[in-house]
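Both ligands and their constituent atoms are indexed starting at 1 by order of listing.
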Amino acid sequence: MFYIGCHLSVTGGYAEMGRRALSIGATTFQFFTKNPRGRSSGSFPSSEDTAELIRILNDNGMHAPLAHAPYIYNPSSKDEKIREYTAEAMGEELRFLENIPGAMYNFHPGCHVGQGAGAGIKYISDMLSRIMWRGMTTKVLLETMAGKGTELGRNFEELAAIIDAVDGSVRDSVGVCLDTCHVHDGGYPIAEDPAGVLEEFDRVIGLDRLCAVHMNDSMNQVGAKKDRHARIGEGHIPVSAMEALINHPALRDVPFYLETPCDLDGYAGEIALLKSLRREA
Ligand code: FE
Ligand code: FE
Ligand code: ZN
């Protein structure tokens with residue numbers, strides 16, 4: 001099964017996201033657990049809504065969704081209050097996600113602003129060790145970042161350092177979500193040599209940790225450290241590179257999520273395009 005979907009609005013509830021995903025030909029989807037830029041603590045869906053979503057996923061052979069943490073969380077902040085708020089909110093979301101079998105949780109490692117990458121990395125791994133628990137079923141994914149400002153996760157080495165420092169009792173539940181626009185903007189030649197970038201990922205982190213891909217084109221040149229997503233085929237990452245990724249032997253069962261500047265019709269078109277490029281194994 002080719003698991004391909006896009007980011008969807010949570011408006012209308014969880015089951016509604018499942019129906020909307022189906023209506024555009026998606027076999028999975030991503031959503032924000034809360035308003036991405038606001039602190040308002042959105043509410044979790046009712047158990048009926050969650051059960052209905054699970055039924056839709058099962059009936060249609062879909063991959064469970066990828067929940068994306070709000071941008072406002074900053075687990076590597078030097079401000080203890082912000083770190084504490086982030087840990088509490090993420091912990092609550094992880095406990096809720098246990099209700100959706102197979103769901104994954106993606107977050108940005110955050111910005112270390114001033115205190116240095118080493119300190120930021122330690123804050124993140126300490127927080128994960130604290131809010132995760134042995135036996136949890138949700139995979140917690142660190143997203144590869146473009147490296148704007150003091151953003152952590154701008155290279156594979158930083159992500160490997162975070163994972164290595166997480167407590168061994170929960171480390172198996174930590175993975176990575178590779179964002180194609182971000183790694184391109186971060187300086188990796190994913191446009192020219194996608195297989196080579198995956199080899200580098202394997203050497204530094206291990207491909208067994210690669211649990212999801214954010215499939216985005218980039219408006220900027222490789223290494224620009226900008227993070228501006230473009231529609232598929234309209235930026236600096238050729239469709240041939242995306243074709244190589246979706247057909248890579250190590251990524252056959254990994255879900256792909258579009259986060260391009262599209263409305264639902266636009267996403268339907270991009271999903272159809274990527275499906276047409278996927279080959280039988
Ligand atoms: Fe993200
Ligand atoms: Fe992303
Ligand atoms: Zn981005």
Side-chain angles (χ1 to χ4, degrees), residues 3-10 26 28-38 63 65-76 86 89-90 93-94 97 103-111 124 128 138-156 158-159 162 174-188 190-191 194 197 201 205 209-232 234-237 241-242 245-246 251 254-262 266-267 270-271 274:
Y3 297 118
I4 173 77
C6 63
H7 189 90
L8 292 176
S9 160
V10 77
T28 186
F29 64 91
Q30 174 178 269
F31 66 100
F32 279 125
T33 50
K34 292 189 186 106
N35 177 359
R37 294 173 203 280
H63 193 292
L66 178 59
H68 195 308
Y71 297 140
I72 192 157
Y73 296 175
N74 186 0
S76 50
T86 299
M90 285 179 53
E93 287 164 9
L94 288 178
L97 284 173
M104 300 192 287
Y105 183 74
N106 175 63
F107 74 102
H108 294 181
C111 298
I124 299 166
L128 291 176
T138 305
K139 285 259 190 194
V140 179
L141 312 186
L142 296 151
E143 183 168 349
T144 61
M145 301 309 294
K148 271 182 306 181
T150 62
E151 231 168 33
L152 284 169
R154 67 203 143 125
N155 55 45
F156 299 156
E158 284 187 352
L159 296 178
I162 295 167
V174 181
V176 172
C177 173
L178 184 145
D179 186 308
T180 54
C181 169
H182 296 177
V183 297
H184 166 89
D185 284 27
Y188 289 95
I190 197 147
V197 173
F201 186 104
I205 299 175
R209 299 254 184 214
L210 181 52
C211 298
V213 174
H214 281 166
M215 193 68 126
N216 303 309
D217 205 340
S218 170
M219 289 189 184
N220 293 99
Q221 303 282 353
V222 60
K225 305 213 176 341
K226 290 274 208 254
D227 190 5
R228 298 280 312 282
H229 301 188
R231 292 183 189 187
I232 303 303
E234 294 184 6
H236 286 82
I237 305 176
M242 311 224 164
L245 290 175
I246 60 180
L251 271 52
V254 170
F256 291 79
Y257 300 91
L258 296 155
E259 300 175 309
T260 51
C262 281
Y267 278 135
E270 291 188 342
I271 288 167
L274 293 175

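At least one N/O/S atom of H108, whether from backbone or side chain, sits less than 2.8 Å from the Fe ion (ligand 1). Within the 2.8 Å limit, C181 places no N, O or S atom next to the Zn ion (ligand 3). Note on D179: not counted as a metal contact of the Zn ion (ligand 3), no N/O/S atom lying under 2.8 Å. For a distance bound of 2.8 Å, the N, O or S atoms of H214 include none lying that close to the Zn ion (ligand 3). Not a single N/O/S atom of E259, whether from backbone or side chain, sits less than 2.8 Å from the Fe ion (ligand 1).
Sorting the N, O or S atoms of H214 by how far they are from the Fe ion (ligand 2) puts ND1 first. Of all N, O or S atoms in D227, the one lying closest to the Zn ion (ligand 3) is OD1. Atom NE2 is the N/O/S atom of H68 found closest to the Fe ion (ligand 1). The N, O or S atom of E143 with the smallest distance to the Fe ion (ligand 2) is OE2. When the Fe ion (ligand 2) is compared with the N/O/S atoms of D179, atom OD2 turns out nearest. The Zn ion (ligand 3) is closest to atom NE2 of H182 (considering only N, O or S atoms).
The aromatic rings of Y71 and H68 stand perpendicular to each other, their planes meeting at an angle above 60°, with 30° marking the opposite boundary. Ring orientation note: the planes of H182 and H229 are tilted relative to one another, at an angle of 30° to 60°.
Using a 4.0 Å cut-off between a side-chain N of Lys or Arg and a carboxylate O of Asp or Glu, E93 and K34 qualify as a salt bridge.
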- Message: Test ring pair (Phe, Tyr, Trp, His ring centres under 6.0 Å) on F201 and Y188; report intermediate values, then the result.
- Response: CA-CA 10 Å; F201 186 104; Y188 289 95; 9.2 Å; no
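With a 4.5 Å cut-off on side-chain heavy atoms, L178 and V254 do not count as touching. Using a 4.5 Å heavy-atom threshold, the side chains of F256 and T180 count as separate.
The ring of F32 has its center closer than 6.0 angstrom to the ring center of H7.
S76 places a side-chain N or O within donor-acceptor distance of the main-chain N or O of P109, the cut-off being under 3.5 Å.
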